[in-house]
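Single-structure report; data block below.
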Amino acid sequence: AWCENHLSYFRNEEPKKLLIHCTGGISRSTAVALIGFAMARGAGMEVKAMRALLAAAENGDRIGPTPVLVGLADVALKRDRRLINASISW
């Protein structure tokens, strides 16, 4: 349900700017941001989505999108592990 709520938001809202915040700002929020970037760019652009996340993150050297959340989105978006692979390749 958590993942579907976020996917639904990105499907319906298409935000131009979005502030995502969690306590640490390292894994959960970056997973949500990666999912948003990936959805905005479309299938096959997962590496570009990860690059966009790194460019946008203030703490780009410390981020690590939560694999569980990225995995749920990868399955829901039918990305055939491309989103997962992009998130762990950095």
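Small disclaimer: the values here were computed from a predicted structure and weren't measured.
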| said: If you compare all heavy atoms of T30 against all heavy atoms of S27, which two are closest, and at what distance to 0.1 Å? | reply: OG1-O, 3.1 Å
| query | According to the salt bridge (Lys or Arg N to Asp or Glu O under 4.0 Å) rule, which pairs have a member within residues 67-76, sequence neighbours left out? | reply | none
| said: Give me the atom names and distance for the closest heavy-atom approach of R28 to T66. | reply: N-OG1, 3.5 Å
| For A56 and F37, which heavy atoms make the closest approach, and how far apart are they? | CB-CZ, 4.1 Å
| Do S89 and V47 come close enough that some side-chain heavy atom pair is under 4.5 Å? | no
| note | d(L54 CG, I63 CD1) to nearest 0.5 Å is 4.5 Å
| task | Treating Ile, Leu, Val, Met, Phe, Trp and Tyr as nodes and any side-chain heavy-atom pair under 4.5 angstrom as an edge, say whether L53 and I84 lie in one connected cluster. | result | yes
| query | Hey, quick one: are V75 and V68 part of the same hydrophobic cluster, counting side-chain heavy atoms closer than 4.5 Å, chains of contacts allowed? | reply | no
| query | Between atom NZ of K78 and atom CG of L83, what is the distance when rounded to the nearest 0.5 Å? | reply | 14.5 Å
| Under the side chain to side chain donor-acceptor pair (under 3.5 Å) rule, what pairs show up with a residue in residues 34-51, not counting sequence neighbours? | E46-R79, E46-R82
| said: Hydrophobic clusters here meaning ILVMFWY residues chained together by side-chain heavy-atom distances under 4.5 Å, can you tell me if M45 and M39 are in one? | reply: no
| field | Validation row: M50, P65 side chains within 4.5 angstrom (heavy atoms) | value | yes
